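Beneath this line is the structure, given in structure tokens, with notes to follow.
Computation of the quantities below employed the complete heavy-atom set of this structure, encompassing side-chain atoms and omitting hydrogens, waters and symmetry-equivalent molecules. Treat the numbers as computed from the prediction; the structure is a model and nothing was measured.
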Amino acid sequence: HRTMPLARPTGQIPEATWTLGFREMTEPWKGALGCLGVAVFFAMTIGIISWQALEQPPEEWVLRGRAGGVLWERRRGALLLRALPAGRTAAVVAVGGVPAAEPPPPRDRCWHDGGQFCYAWEEDAELRVSLEPPPAPGTECYGVRWTPLRPDVALKDCFSMANVSWYGGASVRAQRWPLNGAESPAQPFVSGDFSESPHGYGPVLERYFLGSTGVTVTAAPDVPLFLSLESNRHFCLESPAGRAAVPLGYRLCLSPDMAAAHRHVGTQLAGTARAMPDTALLGSPIWRYHGPEGSAAKIKRGLRSLAKRLKRHGLQEGVLALGERCTAVLAAAVRPDHVPPEPRKRQDSAGTWDPSLVAPLQLSITLSPYTSIASPLFLRSLRHGQTDGYWLSLQPPIPLLTMWKGQLCARLNVTSEAALGWFLARARRLRQALGAAYVVFEGAEGNALLDRAVPPPAELVGDRYTAALAAALATLGNTTIISAGARSSHLPLFVQMSPLRSDWSHAGLKGVIPSVLHYSLLGYNFFIPDAVGGSLASDTPGDPELYVRWLQLVTFLPVMAFSTPPWLCCDAWVLNLTRQCIQRHRDFVVPLIIKYSEEWLRLGYPIFRPAWWLSPTDPTAFTIEDEFLIGDEVLVAPITEKGQTWRDIYLPGEGQLWLDTNSARVFDGGTVLRNYSASLAEVPVFVK
């Protein structure tokens, strides 16, 4: 088939006519066609980018080890710690302070080193993740370090609580176990006094968090750190933004379960050189003196009266505890050359103290690193020019003044060897002069410089004040009691717990067991719980049921302390119950504590253990906050609800058997006993 050519008139140039027409026609469309071309170009570009984004995986390996690895999740801008080969996610760490949506590239800046990953967000921060030597077989650790590239960058990593129960870190006013239920705004990770700062952190904390997935988070010790807690969502570690760029660093470790994680990591927080405090205090109930305190003579009469009353009721053994004010009044009479913080009103006629006045009861006295600026001691130091170096100061020799128990005070400078030596010598002389068996040091918590929004020197960053004071007080011997703990769990010191409200809330009785588990997990096994019935006033004072349930609980703790004696609180049967509980504590509990303290000395395991210690993979055990174990063999499940004479009891350890010490019945471990009876005179206790 052939196509015939079109016939065209001769003498015309149709091509030129057609081209001219086209030019005339396209002139109005020139802009439109240009825009169309640009649009097509951009559409193709966006399509290519979208195709690349869709093709990229939502998660990308950052660093991979043998037992697990760290990934980057693009959607949330988070680091994931994942166990291998099962692929379970142990921790989700949401990244803040940098443009998290920008993912690290497949090949990082440390590609030549298989044990590290490096990436920088330009002008913001640099991230370095590294494999670290494992603390024990079966546990793998990764170092995470953020370095800000500008001083105004505040770094913030948040650890998700979704499907993870977290423990450790800081004590809070209404203590929870786990800490998922706690709430706190971002604030310096520094120990504090709840009476001064009820919304701050409490007296015992460590930069260590333990997750139910077998993960631990240990924050670097030498940099300023902020912590925030958002109930049931996450907790966040933050670096403060300011004049200097402050790095944020921590170590992530992954173990098969959380009991193994704590054995491998948590037990090494303060090293392996541990020492025991005086075990004689374990069997000695503490009776706090609240009698007359106007003069040394009145205090002596009050102590003699209390000692006689205790003896009359068959409670003649233990310790009479004097507060800081009474200690100061007695000290002024006994040793006027070494007046403690309170000013001496008048010299007592009986200028000596005879410990036999209260025998066989012993005496404890109370001191603090604070000195009132109105005291003769401080005024004398001003006259002698000793303020320079003896007290914390912003601009030496002017001391930094702070409030302590309603008075304007200077605080001991623990970075000065001369100041510490002087302070300890005074404490030794006073202890000897008063014949005191024990010395309590209050006011060890907190950072006075941070309270004044002043950046502390390197030697006082974070809780180094508490740690330095604790180390110094340990040189006084193993009969010392301190009010706070930070990096000091290995020292031979007792730690005094915070006062609690006289009620059934988590700020009262319900907070005792969570606090016990928190202290012991962080290594502070030798604590003195608050007095039976609570020390702080409540809306319902003098509740005999509360007193009894509190008494039953502290029977199984290291030391029994009393502020209100039983004869002032309750009926005669409570007095008899008090004698029985003290005897049970001495005969049954103290030998157990001493037995497991040997394990703590050797291995660092907590003496008071949560239910999950024997059931580390049972989610039911993760949130139990009203039971505890002494070692591996005794389970205590007291009543902490008003008006109840029954409760549910979880028995840990599947395949093990538990004997009820009240009824001699035997039950299987790994089960829950529903509506288990416990009358007002009983506390459920099981022996494995």
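- For residues 558-569, the pairs satisfying side-chain hydrogen bond (donor to acceptor under 3.5 Å, both in side chains) are H290-S563, with sequence neighbours left out.
- In terms of heavy atoms, V329 sits closest to E293 at CG2-O, 3.8 Å.
- Between the side chains of E445 and S483, at least one donor N or O lies within less than 3.5 Å of an accepting N or O.
- Residue S195 holds its OG atom at 8.0 Å from CZ of R173, rounded to the nearest 0.5 Å.
- Without hydrogens or angle criteria, S502 side chain to G533 main chain gives a donor-acceptor distance under 3.5 Å.
- Between W600 and P606, every side-chain heavy-atom pair lies at or beyond the 4.5 Å cut-off.
- With sequence neighbours left out, the side-chain contact (heavy atoms from CB on, under 4.5 Å) criterion links Q187 to S184, P185, Y201.
- D278 is linked by a side chain to side chain donor-acceptor pair (under 3.5 Å) to Y438, counting only residues two or more places apart in sequence or in another chain.
- The shortest side-chain heavy-atom distance between L303 and L357 does not fall under the 4.5 Å cut-off.
- Judged by distance alone, the side chain of H585 and the main-chain N or O of P558 form a donor-acceptor pair under 3.5 Å.
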Worksheet item: How far apart are the C-alpha atoms of F527 and F494, what are their side-chain angles, what is the distance that settles it, and do they pass the side chain to side chain contact (heavy atoms under 4.5 Å, CB included) test?
Response: CA-CA 5 Å; F527 51 83; F494 282 93; over 6 Å; no
Item to complete: Please assess I630 against F588 for the test side chain to side chain contact (heavy atoms under 4.5 Å, CB included), listing each intermediate value before the final yes or no.
Response: CA-CA 11 Å; I630 305 177; F588 179 68; 5.8 Å; no
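- In this structure, OG in S171 is found 9.0 Å from CE in M497, a value given to the nearest 0.5 Å.
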Practice prompt. Go through the steps to decide whether V439 and L473 satisfy the test side chain to side chain contact (heavy atoms under 4.5 Å, CB included), and finish with yes or no.
Written response: CA-CA 10 Å; V439 184; L473 296 180; over 6 Å; no
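- A salt bridge between D463 and R207 is absent, with no side-chain N of the basic residue lying under 4.0 Å from a carboxylate O of the acidic one.
- At a threshold of 4.5 Å between non-hydrogen side-chain atoms, the residues V683 and R584 count as touching.
- Here the closest non-hydrogen pair linking F194 and G200 is CE2-O, 3.5 Å.
- Between the CG atom of L367 and the CZ atom of F441 there is a distance of 5.0 Å, given to the nearest 0.5 Å.
- Note that the OH atom of Y390 and the CH2 atom of W422 stand 7.5 Å from one another [nearest 0.5 Å].
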Practice prompt. Evaluate side-chain hydrogen bond (donor to acceptor under 3.5 Å, both in side chains) for R549 paired with Q552, printing each intermediate quantity in order.
Written response: CA-CA 5 Å; R549 292 305 192 190; Q552 292 170 340; 3.0 Å; yes
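- Across every non-hydrogen atom of A419 and L412, the tightest pair is O-CD1, 3.8 Å.
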Item to complete: Verify side chain to side chain contact (heavy atoms under 4.5 Å, CB included) between F608 and Y519, making sure each step is shown before the conclusion.
Response: CA-CA 9 Å; F608 300 92; Y519 275 55; over 6 Å; no
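- Salt bridge absent: E206 and R487 never bring a charged side-chain N and a carboxylate O closer than 4.0 Å.
- Side-chain contact check for W404 and E324: at least one donor-acceptor pair (N or O, by modelled atom type) lies under 3.5 Å.
- Distance alone, capped at 3.5 Å, is enough to place a donor-acceptor pair between the T578 side chain and the V574 backbone.
- For K642, the NZ atom counts as densely surrounded, since its 6.0 Å shell holds more than 12 non-hydrogen atoms of other residues, nucleotides or ligands.
- With rounding to the nearest 0.5 Å, the separation of OG1 in T480 from CG in L424 is 9.0 Å.
- The closest donor-acceptor contact from the side chain of S356 to the backbone of A359 lies at 3.5 Å or more, if one exists at all.
- Remark: R411 is positioned above the aromatic ring of Y465, its terminal NZ or CZ atom under 6.0 angstrom from the ring centre and at most 45 degrees off the axis.
- Counting heavy atoms from C-beta on, the side chains of L460 and L392 come closer than 4.5 Å.
- Separation of the W391 and Y370 ring centroids does not fall under the 6.0 Å cut-off.
- Taking all atoms of both residues into account, the shortest heavy-atom contact from E625 to I513 is O-CG2, 3.4 Å.
- In this structure, the side chains of L361 and E317 stay at 4.5 Å or more apart for every pair of heavy atoms.
- Put simply, the side chain of T555 gets close to the backbone of L551: a donor and an acceptor are under 3.5 Å apart.
- Annotation: side chain of Q316 is not in contact with side chain of L310 (no heavy-atom distance under 4.5 Å).
- Centroid-to-centroid, the aromatic rings of F562 and W287 come within less than 6.0 Å.
- Between R176 and E183, none of the side-chain N atoms (NZ, or NE/NH1/NH2) sits under 4.0 Å from a carboxylate O, so this pair counts as no salt bridge.
- Across every non-hydrogen atom of A296 and A333, the tightest pair is CB-CB, 3.6 Å.
- Using modelled atom types, no side-chain atom of R586 and backbone atom of L282 make a donor-acceptor pair closer than 3.5 Å.
- Atom CD of E417 has 12 or fewer neighbouring heavy atoms from other residues, nucleotides or ligands inside a 6.0 Å radius.
- Residues L500 and L509 form no side-chain contact, since every pair of their non-hydrogen atoms from C-beta on lies 4.5 Å or further apart.
- Side-chain atoms of Q407 do not come within 3.5 Å of backbone N or O of S372 as any donor-acceptor pair.
- In this structure the side chain of P514 never reaches within 4.5 angstrom of the side chain of L517, judged on heavy atoms.
- Taking each heavy atom of A270 and S489 in turn, the nearest pair found is CB-OG, 3.5 Å.
- Checked by atom type and distance alone, the side chain of S375 never pairs as donor or acceptor with a backbone atom of T371 at under 3.5 Å.
- With hydrogens and angles disregarded, no donor-acceptor distance shorter than 3.5 Å links the side chain of S488 to the backbone of L491.
- Under the 4.0 Å criterion applied to side-chain N and carboxylate O atoms, K405 and E442 are assigned as salt-bridge partners.
- In this structure, N447 contributes its side chain and G462 its backbone to a donor-acceptor pair below 3.5 Å.
- Side chain to side chain, Q580 and N576 fail the donor-acceptor criterion of an N or O pair below 3.5 Å.
- Note that the CZ atom of R431 and the OG1 atom of T327 stand 13.5 Å from one another [nearest 0.5 Å].
- A salt bridge links D530 with R288: the closest approach of a Lys/Arg side-chain nitrogen to an acidic carboxylate oxygen falls below 4.0 angstrom.
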